[in-house]
Amino acid sequence: MPELPEVETTRRGIAPHVCGQTIENVILRTDKLRFPIPANVQRDLRGKQFTEVARRGKYLLLSATNGTAIIHLGMSGKLRIVNSRLTPIKHDHVDIVFANQQCLRFNDPRRFGALLWTTDDPLQHSLLSKLGPEPLTREFNGHYLFTKSRQRKAPVKAFIMDSHVVVGVGNIYATEALFKAGIHPKRAAGRISEARYIKLTKAIKVILRAAIKQGGTTLKDFLNSDGKPGYFKQRLNVYGRAGEPCLDCGTTLKSLQLGQRTSVYCPSCQR
DNA sequence: AGTGCGGCCTGTCCGC
DNA sequence: TGCGGACAGGCCGCAC
């Protein structure tokens with residue numbers, strides 16, 4: 001489940017291998033991802049080079065001279081650098097083949113991912129233009145969340161998972177950050193003090209940074225073909241631990257449903 | 001405008 | 001052992 005740290009790890013992993021390589025071909029084995037893959041990606045990318053791999057939220061932006069490929073990994077998407085002659089396995093939907101015979105291979109079993117193509121400024125694309133700030137910038141701070149949340153009745157967990165509020169905070173990190181900040185996931189966003197939002201934004205940053213650092217240790221895996229991600233093994237305090245004791249106080253962790261999301265929390269530490 | 005939910009998918013796990 | 005069903009999850013798009 002790629003969250004922001006995995007997307008950032010992917011970005012760092014693929015960038016050196018795709019930038020400056022001439023694109024020989026684009027192979028689409030299916031176009032049925034979250035959105036249909038536009039057919040003109042093939043024609044437009046052939047013969048071009050990517051100059052940069054950037055990230056906005058969980059979107060990867062692969063810029064060529066004539067446009068930008070926008071990739072989202074969805075739930076189960078993976079990008080790997082493999083030799084283009086390596087036989088594709090199940091759910092290898094797209095290859096971007098380079099002249100040096102390496103290729104960027106997109107595998108996505110659940111097909112919640114996306115590959116789009118725009119010739120305009122990608123940040124103006126309708127999927128990206130209304131996104132909230134990046135969580136690891138100074139712009140994202142307690143004051144921002146406090147101001148933004150006034151009058152909001154939605155649970156704070158839904159609020160911080162809303163990409164129009166802040167990008168890149170998925171279920172795992174929202175769950176962990178709320179635990180670290182001692183805030184109950186169901187508390188109305190508009191009824192949380194600025195002091196607590198300061199604590200929460202700090203928790204989000206600490207957790208995301210730690211996860212990115214962990215991802216960074218296994219970038220070499222991007223050249224392997226065995227599909228083992230290997231990163232992202234940091235200790236989770238609450239996520240997936242419902243029914244087990246809180247590591248801080250020993251109280252049995254509970255879980256509740258918010259929207260379609262499972263939230264695990266400590267009923268004693270989180271208020 | 002804010003809120004909440006349906007739907008897209010398939011692999012994994014559980015119970016019968 | 002085989003099978004059905006529940007579940008997981010990001011996020012768009014719609015309805016209220």
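Bear in mind that the values here come from a model prediction, so they are computed numbers and not experimental data. Just so we're on the same page: letters track the sequence lines, and every chain starts at 1. Every heavy atom of this structure was used, including side-chain atoms; hydrogens, water molecules and symmetry mates were not.
The nearest whole Å value for the distance from the OH atom in A:Tyr59 to the P atom in C:dC11 is 6 Å. Distance, A:Arg34 CZ to B:dT10 C1': 15 Å, rounded to whole Å. Regarding A:Asp162, its CG atom lies at a distance of 14 Å from the P atom of C:dG13, rounded to whole Å. To the nearest angstrom, P of B:dG2 lies 19 Å from CZ of A:Arg191. The distance from atom CG of A:Asp31 to atom P of B:dC9 is 11 Å, rounded to the nearest whole Å. Going from atom CE of A:Met161 over to atom C1' of B:dG2 covers 17 Å, rounded to whole Å. When rounded to the nearest whole Å, the span between NE2 of A:His91 and C1' of B:dG11 equals 8 Å. Distance CE (A:Met75) to C1' (B:dT10): 10 Å, rounded to an integer number of Å.
When heavy atoms are screened at a 4.0 angstrom cut-off, A:Lys90 is found touching the sugar-phosphate backbone but no base atom. Counting non-hydrogen atoms under 4.0 angstrom, A:Leu73 reaches nothing in the nucleic acid. Within 4.0 Å of A:Phe159, counting heavy atoms only, lies no atom of the nucleic acid at all. Backbone-only contact: A:Arg111 has heavy atoms under 4.0 Å from sugar-phosphate atoms and none from a base.
Both A:Arg261 and A:Ala158 sit near DNA chain B, but only A:Ala158 has its closest nucleotide nearer the 5' end.
How far SG of A:Cys19 is from CD of A:Gln49: 9.5 Å, rounded to the nearest 0.5 Å.
For A:Phe35, the listed nucleotide lying nearest its side chain is C:dC12; candidates were C:dG10, C:dC12, B:dG11. Across B:dC9, C:dC12, B:dT3, the shortest atom-to-atom separation from the side chain of A:Phe112 is found for B:dC9. The side chain of A:Thr262 lies closest to C:dA8 when the candidates are C:dC11, C:dA8, C:dC12. Residue A:Glu3 has its side chain nearest to C:dG10 when only C:dG10, C:dC12, B:dT10 are considered.
Between A:His164 and C:dC11 there is no side-chain N or O to OP1 or OP2 distance below 4.0 Å. Distances shorter than 4.0 Å separate none of the side-chain N or O atoms of A:Lys153 from OP1 or OP2 on B:dT3. In terms of phosphate contacts, A:Arg152 brings no side-chain nitrogen or oxygen within less than 4.0 Å of OP1 or OP2 of B:dA1. Contact check, A:Tyr173 against C:dG10: no side-chain N or O comes under 4.0 Å of OP1 or OP2.
One N or O donor and one acceptor, one from the side chain of A:Arg110 and one from the base of C:dA8, sit under 3.5 Å apart.
Residues A:Leu33 and A:His93 come closest through the heavy atom pair CD2-CD2, 3.7 Å. Scanning all heavy atoms of the two residues, the minimum distance from A:Asp92 to A:Arg29 falls at O-NH1, 3.0 Å. Nearest heavy-atom pair across A:Asp108 and A:Gly77 is OD1-N, 3.3 Å.
Ion pairing between A:Lys58 and A:Glu6 fails under the 4.0 Å rule for side-chain N and carboxylate O. A salt bridge is absent between A:Glu176 and A:Lys180: the closest approach of a Lys/Arg side-chain nitrogen to an acidic carboxylate oxygen does not fall below 4.0 angstrom.
When Watson-Crick and G-U wobble pairs are counted only if both distances are under 3.5 Å, C:dT1 pairs with no nucleotide at all.
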